[in-house]
Amino acid sequence: MNNEYRTELTGKPAPGATAAPPARPGAPRNEPARVISGKNSAADPTALRRAYHRCRQTAAAHGRTYYLATRLLSAEQRPAVHALYAFARMVDDIVDAPDRALSGPGPAAVLDAVELTLRTAWSLPAEIPRTGTVRPAALPAGFGDIVLALTDTVDRFAVDPHHFWLFLDSMRMDAADSPLFRNRYPDMTALHEYMRGSAAAIGLQLLPVLGTTGPRAAAEPAAAALGNAFQLTNFLRDIGEDLDRDRIYLPADELAAFGVDEQLLTHCHRTRRTDRRVRRALQHLIAVNRDLYRGAHPGIELLSPRVRPAIRTAAAVYAAILDRIEENDYDVFARRAVVPNHRRLRLVAGAALLRRRPLGHAR
């Protein structure tokens, strides 16, 4: 096991390695870190190492783009990003595949249990459950490990818990047994309300881990915008999969402007062929999506220099999904737009070289 990997998994330097400075890495220089609770500082090192390892495995198995990009981060930051990803993935599985992720109560009740567990772990007021008492056994397998790693990450990097409550509320919008349930969106404003928790909040969770060159608040709009850009790309790529779940994450009024309605989308999905009206609507929405990426791009310069290549890489790889949709002639019903591994690796390698190039050689 090399020294960097040992440090990543254990949080401690390998024998003979130089110990990391004790300062909390997520806090901007002019903003002291806010500790949620001191409980996790006494966590069993073996249990914490196991928890982070589980999160790393989840990220490697399911988040290929993000996992590749994290290789450009420091060994101190990577486990935190893995923990945030693993938590989001676990919650997503609760609402997207409830039969596989849990047994017993419906997804809304389990989301309440998740929030209640986090509030208890972080010594915060228990303002839920929204749907009644939930048995601890209803929580997904491995949840304890993920909460342990997440709590350590939130504590060390001073992540605002509010971003997790927003995220969980958006996930409740996906749960058919929740009073917040919504599976159609009349316009982009309504869709942005969903993305505020499902996407923008993720970007804001990551921001303290990545670090900024100035006040964190100055970088927050771009971080939220980039999260929204990633999410809209997912929606455009996964139209067919979402229809299988009886969901449409596209603004109905903008689809209607091109003569597209739910009936036409369903017909295209059933026949696995893209109607010309749908093709024009996708062209428009891809342009909207690229505008989100452009709007977020200047904010990358507000991040710590070390992390900029990783975020540029994640944005480039994700935006390349839009290229693939176009290259596939907007065929989002018969095949999934996937960026080839060789292209992903080329983007990561290019960012790695840029990171190592002396600043005076940058062009």
Side-chain angles (χ1 to χ4, degrees), residues 63-66 68-69 81 84-85 88 92 163 166-167 170 173-174 182 185-207 210 212 216-239 241-242 247-258 260 278-303 307-328 330 332 336-339 343-344 347 351:
R64 293 182 297 172
T65 296
Y66 295 112
L68 275 174
V81 175
L84 292 170
Y85 177 87
D92 205 44
H163 302 318
L166 285 178
F167 171 67
S170 280
M173 293 169 73
D174 285 334
R182 178 184 294 178
Y185 294 86
D187 50 39
M188 192 63 82
T189 299
L191 188 60
H192 272 290
E193 180 185 346
Y194 173 82
M195 293 196 297
R196 185 167 70 99
S198 70
I202 301 295
L204 296 175
Q205 290 169 21
L206 283 166
L207 194 56
L210 301 176
T212 58
R216 189 184 302 167
E220 286 180 347
L226 188 57
N228 285 341
F230 288 158
Q231 181 76 98
L232 186 53
T233 299
N234 281 338
F235 292 158
L236 292 168
R237 179 194 62 194
D238 298 337
I239 294 173
E241 294 177 27
D242 291 331
R247 300 174 189 167
I248 299 177
Y249 293 109
L250 298 175
D253 62 339
E254 297 193 28
L255 292 176
F258 296 91
V260 177
V278 174
R279 187 177 288 107
R280 289 201 301 269
L282 291 178
Q283 289 171 344
H284 162 70
L285 290 170
I286 284 174
V288 170
N289 199 170
R290 286 189 172 127
D291 207 37
L292 284 174
Y293 282 110
R294 281 192 291 270
H297 188 75
I300 296 176
E301 298 304 312
L302 302 177
L303 300 175
V307 308
R308 292 172 193 166
I311 305 307
R312 288 194 191 99
T313 297
V317 173
Y318 237 78
I321 294 173
L322 302 177
D323 299 335
R324 293 295 291 175
I325 292 174
E326 292 172 331
E327 291 163 8
N328 293 342
Y330 305 94
V332 295
R336 200 170 196 255
V338 176
V339 180
R343 187 171 179 184
R344 293 170 183 265
L347 288 167

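Side chains included, hydrogens not; waters and symmetry mates left out as well; all remaining heavy atoms used. Each residue takes its place number in the sequence, starting with 1.
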Any salt bridge between Arg196 and Glu193, counting N to O under 4.0 Å? no
Atom pair CG/CG of Leu285 and Asp291 - distance to nearest 0.5 Å: 12.5 Å
Looking at every heavy atom in both Pro186 and Ala190, which two are closest together, and how far apart are they? CD-CB, 3.7 Å
Separation between CZ of Arg247 and CD1 of Ile239, rounded to the nearest 0.5 Å: 15.0 Å
Here the gap from Ile311 atom CD1 to Leu210 atom CG, rounded to the nearest 0.5 Å, amounts to 4.5 Å
Less than 4.5 Å apart, side chain to side chain, heavy atoms only: is that true for Leu302 and Thr212? no
Any idea which heavy atoms bring Ala315 and Leu226 closest together, and the distance? CB-CD1, 4.1 Å
Enter the distance from Glu220:CD to His163:NE2 here, rounded to the nearest 0.5 Å. 6.0 Å
For residues Leu282 and Phe258, determine if any side-chain heavy atom of one lies less than 4.5 Å from a side-chain heavy atom of the other. no
Considering non-hydrogen atoms only, spot the tightest contact between Leu236 and Asn289 and give its length. CD1-OD1, 3.7 Å
Residue pair Phe167 / Ala201: nearest heavy atoms and the distance that separates them: N-CB, 4.4 Å
Parallel under 30°, tilted from 30 to 60°, perpendicular over 60°: which one fits the rings of Phe235 and Tyr249? parallel
Any Tyr194 side-chain heavy atom under 4.5 Å of Ser170 side chain: yes
Side chains of Tyr85 and Ile202: closer than 4.5 Å at any heavy-atom pair? no
Side chain to side chain contact (heavy atoms under 4.5 Å, CB included) between Arg324 and Arg237: does it pass, once the steps are laid out? CA-CA 9 Å; Arg324 293 295 291 175; Arg237 179 194 62 194; over 6 Å; no
Measure the OH-CD distance between Tyr318 and Gln231 for me, rounded to the nearest 0.5 Å. 8.0 Å
Run the side-chain hydrogen bond (donor to acceptor under 3.5 Å, both in side chains) test against Tyr293 and tell me which residues pass, sequence neighbours left out. Thr233
side-chain contact (heavy atoms from CB on, under 4.5 Å) with Arg308: which residues, sequence neighbours excluded? Thr213, Ile300, Glu301, Leu303, Pro305, Arg312
Restricting to non-hydrogen atoms, name the atom on Leu250 and the atom on Leu191 that form the minimum distance, rounded to 0.1 Å. CA-CD2, 4.4 Å
Partners passing side-chain hydrogen bond (donor to acceptor under 3.5 Å, both in side chains) against Gln283 (at least two apart in sequence or in another chain): none
Measure the shortest side-chain to side-chain distance between Ile321 and Val339 over non-hydrogen atoms and say whether it is less than 4.5 angstrom. yes
Minimum heavy-atom separation for Ala218 and Pro221, please, with both atom names. O-CD, 3.7 Å
Leu84 side chain near Leu206 side chain, heavy-atom distance below 4.5 Å: yes
Residue pair His192 / Leu232, side-chain heavy-atom distance below 4.5 Å: no
